[in-house]
J.: 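Before we start, here is the structure in question, set down as structure tokens.
Proteins come first, then strands; the chains are lettered A, B, ... in the order of their sequence lines, and each starts at number 1.
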Amino acid sequence: MSLETGKQRSERIQIDYYRKRDDLSRWRFVCIAGALVASGVYAAYLFGWSGKATEQRITQFSTGPLSSVHAHFEDRCEACHLSGTPIDLQATAGPADFGPAEALTLLGIDRQSSLNHLESVCQRCHQVAAHHDERMTQDGQDIDRNCSLCHAEHRGAEKDLVAVSNAKCAICHQRLSRVCVSSPRVDESTVAFDRSGHGDFQSLKDPDPGRIRFDHAQHLRPGQVEPGQRGGTTYAALSPQWRRRYDRGQESGASASDDAPVQLNCDDCHQLSGNPEGRSTQGADLELGRYFQTISFEQHCVGCHGISPGVATSDAPLLPHAAPWDQVDLLLSATILGARARGQARLPGDNSRREPLPGIGVGAAPETVSTRLPDGVLDAARQRVQAQCQTCHLPEDYTDQAIARVGRRNADPMIPPRWLRKGLYDHAAHRSIQCEYCHAAVHQAGETTDPVDQSQVMIAGIESCVACHRPAKNPLPQSVSPEIEAMFGTTPTWGSDDCTLCHRYHGFDAAQEAPAGSVTIRPVAAVRPPDSEAAP
Amino acid sequence: MRWLAIVGLVAGTAGACLGQSSALIGDVTCATTTCHGNRIGAGPKWNHSLSTFLANDPHALAGLVLTTPASQSIVGRLDADAKYPSRRYDAVLRERCLSCHTTASSADCSGGDPIAATMLAGGVSCEACHGPAKDWLHPHQWDGFDASTEMARDAGMRETQSVIGRTETCVRCHVGSRRDDDLIRDVNHDLIAAGHPALRFDLLIYDRNLPEHWDRTRPNQAGFEQSALRTRQVSRAITLAAAAELAAERAEDSLADASLPWPEFTEYDCFACHQTLRTSSPLASPDGISDGLPIWNAWYTAGQIDLRGRRETLELLSPRESDPERISRIGAQLARRYREHAERLEGDTADPAEALQQTVGRLSRHAPSDWHSAASDYLLLRAAVIDFERTVDPRTAQALKDAMTALEKTLRFTNADDDGRPAEQRNVWHSPVHFQPQAFRRVVLQQLQPQLPVKQEAE
């Protein structure tokens, strides 16, 4: 084996090698020259060739046509874009650790200007509420201000700007503590719609705040009594008004008999409605069917549970619900004395009788009717009324003070009108699914267990949703037996598992935590005016 | 059970409202519209039984009677210092009146605390007749729970559907008792002397006068509906048993407590002593001469025990011979015997036509010996007519009604001293001072007998 000498090694590289182009240099030159020529031609095409339609030229600057909802801005770029001021596209990607944004400042792109501009131009039209911005870190707020992060434009006319991928939500919600100034109020990590990735509904984690004694299962049984229990409510016990409502056979001419037990259905009390009054933050929430009408005594209870004045003659008015006690006293007095004055009730001192008593005869009624109730009569009558209150209410809830706090007769029943407080649920969309599928706890026909309605929120957990609301590639779980599937009726057994199907971003949660009617909307004035963005 | 919690809570609160620690829980638990407080006419009878009761039943007003001027007068005679309103007045009510005029426990009937106005306003309510509800309030809602069962009795519910059961319920106050419910319900001579009306209970009359808060069409009411005559016979036997039992209890108590009055004059015919000297005695025997032996418990024994024909028995029972030990023994025996008699009668078939014929036939032979005897005949005839008129044409039925009305009027008390003074100031009050046995007999023969079918003589 011969060894290479030093001279031989030096001869491998020519001494004037730097004066000659090699293949690589030549190729690089060709590419640069070609690129310059192509750029010049493209520039000439864009700015010099007037024979092309404007729309076609605009597409050369844009990533695509605007969505149909913004189509009227199609040829008005200036409505959103500032001439000569590029937008930090990376600003839409989140804080620094979500994407390389700082380097763009070298290109003259100002992050804050971009953020301000992005938000302000959208809010000219869309005055949407904030999304917990008061609880967000600066990075989180920056994300919040970038409308285009979720609502990316120039994706074509068919693009649904409201459809936001789960990944967008996960930017923050996969590790929520990174964008919260304090401990998150909801789960730290939410990455998918299942028990492990989402957790169960918040309402099921908290104790039931209800203060109404109510037994759903009992009310769904014939006559509202348990099997083997007597005294069920019959149709004869209902006034004609309420009988028409609860006797479904009347319309078809097949009325129930007088002594037939009243059979209630879920929809006798739970009637589809918009969002409860004063609690709506989104126009869509008011859509019929999204929620149920608030349960009220006058609408849903009084048919069977009218408050009896005690001396309840056939035409005696029932007492109003949640009326101050002095009004109740007045009505009780009027009822008792009125019944006596009209001969419908016995007078004190009335010794008359139909069947004579030997020696005494048939007796006689007093000639005059006292207009004053004897001591204690009113109090005794009131105690009977209070006992009726206790059927549903705790004693502390029908004091004068409690009634005054409610302020109206037809008050909300002191339970949340919506149990899924963090998300939207559209009952109308699920109307062909049997109620029992999600509210199994209220259907305990045949069982005689103690009612759990007060201690347990009567909605199913997330398991009832994920069977259908699952990734499209996943098959229907085997846990959904044919019997269960039959409960779905005509409802498809697959539904999107998008976060946005249930959750709204803009101000939804904040509205739930705020008093009724008050909604946090970020004022437009707080954002720099679009015109000012042009200033350095 | 789910109902138990609600019912228990309401009952507990109700009991607290009433200040009761006994098994009484008050009628407030019954008052809901879905239970017994619905509007009158709505739903089945049981659904508005409390409303019916509160509106029209005199029992509901029984407590309020205790504060009327008449009651104040009675209490004032029992205790001259008991002015209304005062603790002393309430103390008299607790000792003498609450046990019958309200739904009271034994604790309510003692002590000197003021009486809650609501207690008097509550009157005689559900539990007074149906029994303290603490232990049956929940069970009574379930199939199989029937007031006639041992389970119901053990829970404290009284059986009020049969003639015997209902009579036994009523007589605790309307005759009296010194044992039932650990209460003393005793309208004795002191109380009557103070102005309390004498007790002359008859189930059929009381039953027909009450607003029905029960359903007469239910099978368990058949005992009442099938025969008024049998109802009257059975109930009068129970009533006599209750009177005899009360006599025994009074006798026993008088032996234990010498302060109690003995002999107890309410057990004798009032009109034996309370008669005007200016007229012929209503006590007069057919020969016009009083034998001086008042009939024992005349209202109850008339038509059931012929004491007038048993002079030795009358002697034995008379106030001058009355031996509490013997009365105690006799009373208990009589009570037992007539309760057994009532049970036999309840199983028998009553024949109203036969009863009418027999009674009219007897009266055609001789007039009643006294007012009580006539009243007893009237009660028998009235019950038989109620049954009989169902089988005859409307004209005859009306004629029968008219005859009974005329007959009843002959029994009416009149006041010899009815000179315009208030009734409580008259010397003779509620007295048959003007009763004429012959007039009674005349109505029977002239108005009633012609409406009856001619009895076919046996060949």
Side-chain angles (χ1 to χ4, degrees), chain A residues 213 215 217-218 224-226 228-231 233-234 236-239 259 304-308 310-316 318 339 344-351 353-361 374-381 383-388 390-391 395 448-451, chain B residues 1-3 5-6 9-10 13-14 17 26-29 31-35 37-44 46-48 50-51 54-58 60-61 64-65 67-68 116-122 141-143 200 202 204-205 208-209 371 375 378-379 408-409 411-413 430 432:
Chain A
R213 275 194 283 266
D215 187 339
Q218 177 197 346
Q224 296 72 59
V225 290
E226 294 182 21
Q229 191 178 19
R230 296 184 297 197
T233 303
T234 60
L238 305 179
S239 67
D259 55 356
C304 299
H305 297 281
I307 307 173
S308 169
V311 179
T313 53
S314 57
D315 56 357
L318 296 171
Q344 295 176 316
R346 195 178 189 88
L347 297 170
D350 183 352
N351 294 318
R353 54 183 74 85
R354 295 188 299 269
E355 186 73 17
L357 193 63
I360 308 298
D375 291 343
V377 172
L378 192 56
D379 290 338
Q383 287 178 3
R384 293 186 194 102
V385 174
Q386 288 174 336
Q388 296 177 71
Q390 279 197 58
T391 304
T448 55
T449 54
D450 290 333
Chain B
M1 310 298 269
R2 59 187 57 196
W3 274 81
I6 296 174
L9 184 65
V10 174
T13 308
C17 288
D27 65 7
V28 296
T29 55
T32 59
T33 312
T34 50
C35 292
N38 206 350
R39 279 186 283 201
I40 296 173
W46 63 261
N47 192 205
H48 49 85
L50 179 62
S51 308
L54 291 173
N56 284 307
D57 199 299
L61 300 168
L64 296 174
V65 168
T67 57
T68 61
T118 50
M119 181 161 203
L120 299 182
Q141 304 168 31
W142 296 90
D143 286 344
R200 295 187 187 90
D202 179 82
L204 194 60
I205 293 174
R208 290 169 70 88
N209 279 327
W371 185 89
Y378 165 79
L379 293 177
E408 183 270 321
K409 285 183 177 173
L411 292 169
R412 294 270 179 97
F413 296 149
H430 285 180

J.: Which residues satisfy the side chain to side chain contact (heavy atoms under 4.5 Å, CB included) test with A/S239, sequence neighbours excluded?
T.: A/Q241, A/W242

J.: In terms of heavy-atom proximity below 4.5 Å to chain B, should A/I307 be classed as side chain, backbone, both, or neither?
T.: backbone

J.: Please answer whether the main-chain N or O of A/R354 pairs with a side-chain N or O of B/R208 as donor and acceptor at a distance below 3.5 Å.
T.: no

J.: Most heavy-atom pairs under 4.5 angstrom with chain B, which of A/G376, A/A236, A/G228?
T.: A/G228

J.: Does any backbone or side-chain atom of A/T233 lie under 4.5 Å from a heavy atom of chain B? Answer side chain, backbone, both or neither.
T.: side chain

J.: Once rounded to the nearest 0.5 Å, what's the spacing between atom CE of B/M119 and atom CG of A/D379?
T.: 15.0 Å

J.: Looking at CG of A/L357 and CG of B/L411, how far apart are the two atoms once the value is rounded to the nearest 0.5 Å?
T.: 10.5 Å

J.: Tell me the closest heavy-atom pair linking A/S308 and B/G37, and the distance in Å.
T.: OG-O, 2.7 Å

J.: What is the minimum heavy-atom distance between B/L61 and A/L347, and which atoms define it?
T.: CD1-O, 3.5 Å

J.: Calculate, to the nearest 0.5 Å, the distance between atoms CG and CG belonging to B/N209 and A/N351 respectively.
T.: 11.0 Å

J.: Looking at B/Y378 and A/P358, what are the two nearest heavy atoms and their distance?
T.: CD2-CG, 3.9 Å

J.: Pick from B/A60, B/G122, B/P58: which one has the most heavy-atom pairs with chain A under 4.5 Å?
T.: B/P58

J.: Is A/L318 close to chain B through its backbone or its side chain, or both, or neither, when contacts mean heavy atoms under 4.5 Å?
T.: both

J.: Answer with side chain, backbone, both or neither: which region of A/T234 has an atom nearer than 4.5 Å to a non-hydrogen atom of chain B?
T.: side chain

J.: Working to the nearest 0.5 angstrom, can you tell me the gap between A/R384 CZ and B/T29 OG1?
T.: 11.0 Å

J.: Given that the side chain runs from C-beta out, which part of B/I205 has a heavy atom under 4.5 Å from chain A: side chain, backbone, both or neither?
T.: both

J.: Nearest 0.5 Å, what's the NE2-OG distance between B/H48 and A/S314?
T.: 10.0 Å

J.: Are the side chains of A/H305 and B/T34 in contact, using a 4.5 Å heavy-atom criterion?
T.: yes

J.: Which atoms of B/I40 come close to chain A, meaning under 4.5 Å heavy atom to heavy atom: side chain ones, backbone ones, both, or neither?
T.: both

J.: Of the listed residues (B/A121, B/A55, B/P44), which shares the most heavy-atom pairs with chain A below a 4.5 Å separation?
T.: B/A55

J.: Report which part of B/N47 has an atom under 4.5 Å of a heavy atom belonging to chain A: side chain, backbone, both, or neither.
T.: side chain

J.: Does some side-chain heavy atom of A/Q388 sit less than 4.5 Å from a side-chain heavy atom of B/T33?
T.: yes

J.: Would you give the length of the straight line joining atom OG1 of B/T118 to atom CG of A/L378, rounded to the nearest 0.5 angstrom?
T.: 11.5 Å

